[in-house]
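Some notes on the structure that comes next.
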Amino acid sequence: MMLRIRSRDGLERVKLDNLNGTTVSELKSIIEKQLRIPTHNQTLSTNQNLLLAKSQQDLLRFTDMSNPNTPLTALNLSHGSILFLAYEGERNVPGPTAFSPAGSFGRKMTMDDLIAKQMRVSRQENPHCELVSFDRDCANAFQHYVNETLAFAVKRGGFMYGTVSEEGKVEVDFIYEPPQQGSEENLVVFRDPEEEKYVEAIAVGLGMRRVGFIFTQTVSQDKKDYTLSYREVLQASEYHAESGLKEWVTAIVKLEVNEEMGGADVHFEAFQMSDVCIRLFKEGWFDTEIKEDHDPKLSIMKKDVVVGVKDTKEVDNDFFLVVVKISDHQGPLSSAFPVENRNTQVTAQALKNHLERTKNLPFVKRISDFHLLLVLARVLDVSADVPALTECVQTQSAVPEGYQILIESMASAA
């Protein structure tokens with residue numbers, strides 16, 4: 001009996017004494033003996049798409065021959081049937097019949113060889129995030145600052161925090177603005193691990209997590225013919241890849257000039273970076289050395305990828321974007337307290353003014369603001385006091401009198 005085995009190396013044959021009674025496990029041992037591929041490196045399937053798998057995660061999708069005890073007869077195999085084989089590592093076959101790998105001198109590459117080696121870039125139709133909903137107060141606080149204070153002249157960004165439902169709906173309830181420097185075309189974020197430790201402690205206490213990145217595009221960018229520039233693609237991909245969250249959202253805020261009406265409107269747009277984009281970023285395909293004459297609507301690869309039927313190092317940024325629907329809601333927090341890391345430093349006077357302005361509200365309502373909690377977290381115990389206060393905020397229960405006295409004394413120091 002004979003079976004044909006197609007792998008990235010082409011088509012080869014293995015001989016069996018008998019198909020009846022032979023299991024997948026026994027076939028793998030035969031392949032190891034005849035083709036010199038260790039059994040633990042082998043993934044077998046009757047599906048030719050196995051040769052297009054790019055990662056271990058992709059390989060796990062081919063399960064028809066994953067059970068070592070499955071008899072080959074149960075797979076409708078017969079003499080001369082073709083199976084597909086993916087394996088890790090290199091092969092080394094000694095002697096005069098030494099194996100010559102695909103692409104080396106003296107051996108033609110088959111179409112299957114080429115397909116197995118290509119990185120294909122295509123549009124992803126469906127996002128992992130079903131919908132992103134913005135808390136109206138936090139969205140307004142962000143857009144008001146970039147519109148009224150920065151006049152969309154320089155870029156601004158922030159990390160979005162909230163919740164992710166089982167259905168893939170993301171709710172954004174607050175935006176943390178890290179230290180940063182924005183220009184017309186570029187946004188440099190100065191990550192502060194100590195400050196981010198406080199932010200994460202507050203988020204965990206509120207039952208939330210980091211869910212995305214939001215940034216503005218300047219009025220000068222509005223004249224360009226791209227949705228995201230290459231720099232923005234790189235930055236969005238970096239944060240998405242870092243998060244490990246498949247529902248991670250990238251949001252853009254921009255000013256669109258309405259020439260007919262003689263005005264301008266602030267627009268929010270939401271995307272996900274596609275799965276292939278994040279894979280390319282993680283595997284280091286992007287050329288991050290951006291030249292001055294670079295066309296910002298194109299992403300540059302270090303080596304060729306396949307877009308459609310063309311091999312190219314230049315990919316239109318839009319290929320990496322998956323549109324996400326936008327909604328809004330009224331979340332559990334207010335956004336009236338001054339925001340961190342802006343032009344004006346947040347002081348004890350700001351805390352005093354805020355408590356004075358909200359004195360008619362229950363105390364828990366007065367501190368139900370992320371930006372205020374961040375000020376408190378800097379002076380309180382992040383492992384004891386912050387969880388206690390955020391639990392009060394999350395459950396909207398009474399704040400212990402000791403904390404009220406402490407917070408009011410901090411404000412009275414102004």
Side-chain angles (χ1 to χ4, degrees), residues 134-150 156-162 172-180 190-210 214 330-414:
F134 289 90
D135 170 77
R136 286 186 282 273
D137 288 345
C138 90
N140 185 61
F142 185 77
Q143 71 89 15
H144 185 269
Y145 177 69
V146 298
N147 189 14
E148 298 296 326
T149 304
L150 302 181
R156 185 76 184 170
F159 290 109
M160 305 187 293
Y161 283 77
V172 177
D173 288 314
F174 71 82
I175 298 171
Y176 159 62
E177 298 179 24
Q180 58 194 275
F190 304 106
R191 303 288 290 272
D192 182 344
E194 189 68 16
E195 186 169 82
E196 289 190 27
K197 181 177 75 174
Y198 303 141
V199 176
E200 292 300 321
I202 294 167
V204 169
L206 295 173
M208 300 178 190
R209 62 161 296 162
R210 191 179 294 183
I214 186 170
Q330 193 64 54
L333 305 174
S334 69
S335 293
F337 193 79
V339 175
E340 62 285 342
N341 300 313
R342 289 185 175 177
N343 292 337
T344 305
Q345 189 174 2
V346 180
T347 62
Q349 185 64 48
L351 180 60
K352 183 177 182 179
N353 293 344
H354 177 85
L355 293 179
E356 179 65 27
R357 190 171 59 249
T358 57
K359 62 185 178 183
N360 293 328
L361 296 174
F363 198 85
V364 68
K365 284 284 186 189
R366 298 164 77 186
I367 66 166
S368 294
D369 187 308
F370 160 74
H371 309 288
L372 183 150
L373 290 170
L374 183 56
V375 169
L376 300 180
R378 296 181 199 278
V379 296
L380 298 177
D381 188 324
V382 73
S383 59
D385 298 331
V386 171
L389 278 177
T390 50
E391 183 181 3
C392 293
V393 172
Q394 186 185 22
T395 59
Q396 287 296 291
S397 53
V399 177
E401 186 179 4
Y403 284 123
Q404 293 191 36
I405 294 171
L406 180 61
I407 294 168
E408 286 170 342
S409 67
M410 288 172 59
S412 63

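Under the ring pair (Phe, Tyr, Trp, His ring centres under 6.0 Å) criterion, F337 pairs with H354, not counting sequence neighbours. Applying the salt bridge (Lys or Arg N to Asp or Glu O under 4.0 Å) rule to R357 yields no partners; only residues at least two apart in sequence or on another chain are considered. Considering only residues two or more places apart in sequence or on other chains, Y198 meets the ring pair (Phe, Tyr, Trp, His ring centres under 6.0 Å) condition with none of them.
In this structure a side-chain-to-backbone donor-acceptor pair under 3.5 Å is missing from E177 to R342. Formation of a donor-acceptor pair under 3.5 Å by the N341 side chain with backbone atoms of Q180 is not found in this model. Remark: side-chain polar atoms of E194 are not paired, donor with acceptor, to backbone N or O of D192 under 3.5 angstrom.
By the neighbour-count criterion of 12 heavy atoms within 6.0 Å, atom CD of E148 is densely surrounded, having more than that number from other residues, nucleotides or ligands. Within a 6.0 Å radius of CD in Q345, no more than 12 heavy atoms belonging to other residues, nucleotides or ligands are found. Enclosure of atom CD in E408 by more than 12 non-hydrogen atoms of other residues, nucleotides or ligands within 6.0 angstrom is indicated.
Going from atom OG of S412 over to atom CD1 of I405 covers 11.5 Å, rounded to the nearest 0.5 Å. Separating the CG atom in L373 from the CG atom in L389 is a distance of 7.0 Å, to the nearest 0.5 Å. Expressed to the nearest 0.5 Å, how far NZ of K365 lies from CG of N360 amounts to 14.5 Å. For the atom pair CG of L351 and CZ of R366, the computed distance is 9.5 Å after rounding to the nearest 0.5 Å. Interatomic distance, CZ of F134 versus CD of Q143, reported as 12.0 Å (0.5 Å rounding). C138 SG to I214 CD1: the interatomic distance, rounded to the nearest 0.5 Å, is 7.5 Å.
The two residues V199 and L374 come nearest to each other via the heavy atoms CG2-CD1, 4.0 Å. Closest approach of P338 to A350, counting heavy atoms only: CG-CB, 3.9 Å. Nearest heavy-atom pair, I202 versus A377, reported as atom, atom and distance to 0.1 Å: CD1-CB, 4.2 Å.
Remark: R156 is not positioned above the aromatic ring of Y145, lacking an NZ or CZ atom under 6.0 angstrom from the ring centre and at most 45 degrees off the axis.
A heavy-atom distance below 4.5 Å is found between the side chains of I407 and F363.
Between Y176 and F370, the ring-plane angle classifies as perpendicular under the 30° and 60° cut-offs.
Using a cut-off of 4.0 Å between Lys/Arg side-chain N and Asp/Glu carboxylate O, K359 and E356 are scored as salt-bridged. The pair R210-E196 meets the salt-bridge criterion, with a side-chain N (NZ, NE, NH1 or NH2) lying under 4.0 Å from an Asp/Glu carboxylate O.
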